[in-house]
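None of the values given here were measured: they were computed from a predicted structure. In each ligand, atom 1 is the first atom listed, and ligand 1 is the first ligand listed.
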Amino acid sequence: MRKKIAAANWKMNLTWQQGNELVQALLGATPSIQDSHQVILSVPFPYLASVNSMVQSTSGYQVAAQNCHHLAAGAYTGEVSAIMLASLGIPYCLVGHSERREYNGETNAVLAEKLQRCSENSIRPIFCCGEPLTIRDQEQQNEYVARQLQESLFVLSKEQVGHAVVAYEPIWAIGTGRTASSAQAQAMHQHIRKVLADHYGQELAERIPILYGGSVKASNADELFGCPDVDGALVGGASLVASEFTAIVRSLCKS
Ligand code: PEP
């Protein structure tokens, strides 16, 4: 059975003091997560090691980096490699968030390299995909997302992709308050699983968690988590508020 996952994405928010308080509040409010479920905190680079050690003793909690460089090492001032993350014991890394695609010009080809760097270092990638509104309006979202998977994720072997997580995040729903309906989310997740199955086989496709991201909050989590192919959520804004994210984790644990 694939895991159900609630992943927080703090982006470039919170001071260390605020972040520390938030993690303590989460661990206090939802201290035990059963084996079939997982909470992942994608925190800024400077907080990774500390948050990683804070969650060590609480089962079900993991941390993720929000990015890594596509090359192994070298003269790239200010960048962080997958090797460095692995050396800190960081288990997950977001790859291909739409904000990085948009503001940092990350192409499908560069993201394929990042996926390889993660896999070589035993870091599980959370591969983000999703279409802009113009593509949705033209009803081309299935082809668009399939292409993102084919040109990036499919660089991974069967064995490697078995450790990956996919996050479907329609760009028009990120930070906008406009969530995809549960029917839209389910339809796309089913499509993604079929694209995965066509390439990697049904059995493997059934094992890969597919998260939904885009204005997930406590009030819509139950409905989204009720969809058979929605295996959890990647949560931005609502993950910065302890009570909201805790309620999302509780919804997940019921699903
Ligand atoms: C995200 O950044 O991945 C995200 C889904 O943000 P939000 O929940 O704020 O829409």
*With rounding to the nearest 0.5 Å, note down the distance linking CZ in R147 to CD in Q140.*
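Result: 11.5 Å between the selected atoms.
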
*Quick one: CE on M54 to CG on L26, what's the gap to the nearest 0.5 Å?*
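Atom-to-atom, M54:CE and L26:CG are 9.5 Å apart.
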
Atom indices of ligand 1 within 4.0 angstrom of [X] heavy atoms, with elements:
X: G237; result: 7 (P), 8 (O), 9 (O)
X: G214; result: 5 (C), 10 (O)
X: A173; result: 10 (O)

*Mode of I174 contact toward ligand 1 - side chain, backbone, both, neither (heavy atoms, under 4.0 Å)*: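 Within the 4.0 Å criterion, I174 contacts ligand 1 through backbone and side-chain atoms alike.
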
*Indicate, as side chain, backbone, both or neither, the part of S239 found under 4.0 angstrom from ligand 1 when only non-hydrogen atoms are considered.*
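No part of S239 is near ligand 1 at this cut-off.
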
*asked:* Looking at ligand 1, would K217 count as a contact under a 4.0 Å heavy-atom criterion?
replied: no

Residue pair [X] / [Y], side-chain donor-acceptor N/O under 3.5 Å:
X: S42; Y: N9; value: no
X: Y144; Y: T134; value: no
X: E120; Y: Q116; value: no

*asked:* Please determine whether the number of non-hydrogen atoms from other residues, nucleotides or ligands lying under 6.0 Å from atom NZ of K3 exceeds 12.
replied: yes

*In terms of residue, atom name and distance, what is the protein heavy atom nearest to atom 3 (O) of ligand 1?*
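Scanning the protein heavy atoms, the shortest distance from atom 3 (O) of ligand 1 goes to E169 OE2, 2.6 Å.
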
*asked:* Could you identify the single nearest non-hydrogen protein atom to atom 1 (C) of ligand 1 and state the distance to 0.1 Å?
replied: H97 NE2, 3.3 Å

*Closest candidate by heavy atom, reference atom 7 (P) of ligand 1, pool G236, A238, A233*: G236

*Assess the pair Y200 and F154: is the distance between their ring centroids shorter than 6.0 Å?*
yes

*Would you check whether S215 has a nitrogen or oxygen atom less than 3.5 angstrom from a nitrogen or oxygen atom of ligand 1?*
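Between S215 and ligand 1, an N or O pair is found under 3.5 Å apart.
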
